[in-house]
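Written below as structure tokens is the structure these notes are about.
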Amino acid sequence: MGAGAGILERLRETLGSDVAIDPSTLDLTRHLKDYGTTDDQPDACILAVVLARTTDQVSAALKLCSEASVAVVPQGGMSGLAGGGAPIGPCVVLSVERMRAIETLDEAGQTITVEGGVVLETIQKAAAERGFFFPLDVGARGSAQAAGLAATNAGGNRVLRYGMMRDLILGLEVVLMDGTVITALNTMIKNNAGYDLKQLFIGSEGTLGVITRLVLRLHPAPAATCTGLAACADYAAVLDLLDQCRRGFGSGLSAFECMWADFYSLGCEPCGRTPPLAHGHGFYVLIETQGADPGGEVARFEAVIGAALEAGVVQDAVVASSQRETAALWAIRDTPGDYSRVFDPAVHFDVSLPVGRIGVFAEECRRRLEARWPGVAAVFFGHVADSNLHIGVRLEAGRIVTRDVKDLVYGCIGDLGGSISAEHGIGIDKRDYLHHSRSPQEIALMRRLKAALDPAELLNPGKVL
Ligand SMILES: Cc1cc2nc3c(=O)[nH]c(=O)nc-3n(C[C@H](O)[C@H](O)[C@H](O)COP(=O)(O)OP(=O)(O)OC[C@H]3O[C@@H](n4cnc5c(N)ncnc54)[C@H](O)[C@@H]3O)c2cc1C
């Protein structure tokens, strides 16, 4: 009998049949693929779905699977974009989605302690109800869970000001593959007592431990937000504008989203939107600031953008004067939400490079794409202040196929010294390309860490490494 025989029965004996669920009684669609999985995993065979209600149940499930040498795939909201939650081979799927308690909100310490299955939007609302702000935000806010966000070290639009998930986590509780529970729910900003173990699990994509509880940092709710769109002639001007915004707004600069002209064009008329600024400029930058002084914030915003216009750094600009106008500007930046209608089929990339080299990279990448597939449609945009660039390349049956485009783009990233993953992780999708961004020594150390925590390679096998 192969590994896994009888595991459902053993899990049910210990956890009960409402926690260890027989997969034949479920519609498994949502457990077989995450949002970003590009290929089917034909050998996936889910032996049981464990929907734990407590950390002890997570521990018991992992211990049983460990003893029976059965692989375990942690899953959250399945909004991941790298295939990290997709099952491979025979395995037990384990989710903390029923662990949805907001345990405490500490006003003095500005922290919120949550169970791993709490959805991002719920955390944001719970913070807002008490006058605080949880700044991490991604398009999948209605489904991504706290543990999933931590396991992928998610980013989003406001990383520039508040950092990635890593910067917003003070403490974690995590369960190792052998069932050991590590409760490290630190609530202090300063704590240098030995290794900072939580960092090992943040961004580890479910390969080192299962996250069950988190202590997250909150910020005071901003009193004023200003949003504008500026047009620049070239990437050098975008960098000048970024410098002026950093100096003029200081830590108040909360978003600096750069759209190349082709992305802007796609996000306007084809998506049914009126362009807020005329076409014909090289770049369009969405700028957002957040501050504590509603009156002063608008004046400061207009002064900084006005100075950039006068200096010729910006060719044209518009400042939103209502919620509706603000939403209209963000809607263009959020065009990927419309991709299925206007840019499909396509392959999408989330890469990073030093900020100053993003313009050169985009030109070189476009040159290589065009040389290989004349007339290819490609769009570029990103959180450039965080060194993050997104690229979309349109596929054409029989001519432009995913594997070839990945080889070309990741090869270009390797040549120009960037990272193949800025925020979405490695999962299955980028595993074959990790060597472009990590040295053999780095990968060997990752393997040693994995071997120390999960020597039998049972936790989320086939991901990352
Ligand atoms: C429309 C859209 C927009 C997005 N925008 C952004 C963005 O701007 N920035 C960004 O960074 N991401 C973005 N994402 C990606 C996604 O939202 C994040 O990766 C998110 O963190 C995944 O959370 P999840 O709960 O859905 O995790 P899942 O997709 O279920 O899992 C992701 C990984 O975490 C692991 N995991 C899940 N739960 C646990 C656990 N309890 N313990 C240990 N490991 C676990 C899984 O094994 C997997 O490897 C976007 C996704 C969508 C669909």
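In listed order, ligands and their atoms are each counted from 1. Numbering starts at 1 and runs along the sequence shown.
Closest heavy-atom approach to atom 37 (C) of ligand 1 among the candidates A422, G76, G117: G76. Scanning A144, S143, S421, G155 for the heavy atom closest to atom 11 (O) of ligand 1 points to G155. Remark: among candidates G142, G84, G427, the nearest residue to atom 48 (C) of ligand 1 is G84, based on non-hydrogen atoms. The option with the heavy atom closest to atom 22 (C) of ligand 1, from among S204, S79, G77, is S79.
Here Q75 has backbone heavy atoms under 4.0 Å from ligand 1, and that is the only part of it that gets that close. Within the 4.0 Å heavy-atom criterion, neither part of K463 lies near ligand 1. Only the side chain of N460 comes within 4.0 Å of ligand 1, counting heavy atoms alone; its backbone N, CA, C and O stay farther away.
For ligand 1, the atoms lying closer than 4.0 Å to a non-hydrogen atom of E423 are 7 (C), 8 (O), 9 (N), 10 (C), 11 (O). Each of the following atoms of ligand 1 lies closer than 4.0 Å to a heavy atom of V96: 41 (N). In the vicinity of G206, heavy-atom distances shorter than 4.0 Å reach the ligand 1 atoms 43 (C), 44 (N). Atoms of ligand 1 lying under 4.0 Å from at least one heavy atom of G156, given by number and element, are 8 (O), 9 (N). Counting the atoms of ligand 1 from 1 in the order shown, those under 4.0 Å from a heavy atom of A154 are 11 (O), 21 (O). Close approach of ligand 1 to V210 is summarised as follows: ligand atoms under 4.0 Å from at least one heavy atom of the residue are 41 (N), 42 (N), 43 (C). Those atoms of ligand 1 with a heavy atom of A147 less than 4.0 angstrom away are 40 (C), 41 (N). The contact set between ligand 1 and Q145, taken as ligand atoms under 4.0 Å from a residue heavy atom, comprises 24 (P), 25 (O).
One finds no salt bridge joining D386 and R161 here, because no Lys/Arg side-chain nitrogen approaches an Asp/Glu carboxylate oxygen to under 4.0 Å.
Under the 4.5 Å side-chain criterion, counting only non-hydrogen atoms from C-beta, M99 is in contact with T55. Under the 4.5 Å side-chain criterion, counting only non-hydrogen atoms from C-beta, C91 is not in contact with V70. For the pair L176 and L62, the minimum side-chain heavy-atom distance is 4.5 Å or more.
A side-chain donor from one of D137 and Q124 sits under 3.5 Å from a side-chain acceptor of the other. Side chains of T212 and E173: a donor on one and an acceptor on the other come within 3.5 Å. A donor-acceptor pair shorter than 3.5 Å cannot be found between the side chains of S95 and Q75. Between the side chains of Y433 and D407, a donor-acceptor pair is found at a separation under 3.5 Å. In this model, no donor atom of one side chain and acceptor atom of the other lie less than 3.5 Å apart for D106 and T104. Between the side chains of T180 and D178, at least one donor-acceptor pair of N or O atoms lies under 3.5 Å. Under 3.5 Å, the side chains of H219 and Q110 contain no donor-acceptor pair of N or O atoms.
At the top of the distance list for atom 27 (O) of ligand 1, counting protein heavy atoms only, stands G148 CA, 3.6 Å. Remark: minimum distance from atom 12 (N) of ligand 1 to any protein heavy atom is reached at H424 CD2, 3.6 Å. Nearest non-hydrogen protein atom to atom 36 (N) of ligand 1 is A151 CB, 3.8 Å. Summary of contacts: the protein heavy atom closest to atom 43 (C) of ligand 1 is G209 O, 3.4 Å. In this structure, atom 18 (C) of ligand 1 lies nearest to the protein heavy atom T152 OG1, 4.0 Å. Atom 4 (C) of ligand 1 has its closest protein heavy atom at G139 N, 3.9 Å. For atom 46 (C) of ligand 1, the closest heavy atom belonging to the protein is P74 O, 3.2 Å. Looking only at protein heavy atoms, the nearest one to atom 41 (N) of ligand 1 is I211 O, 3.0 Å.
Every N/O-N/O distance between H383 and ligand 1 stays at or above 3.5 Å. Polar contact with ligand 1: absent for N153 (N/O pair, distance under 3.5 Å).
Between F263 and Y284, a ring centre-to-centre spacing not shorter than 6.0 Å is recorded. Aromatic ring centres of H424 and H390: separated by under 6.0 Å. In this structure, the ring of H383 has its center no less than 6.0 angstrom from the ring center of F256. Taking the six-membered ring for Trp and the full ring otherwise, W260 and F381 have centroids separated by 6.0 Å or more.
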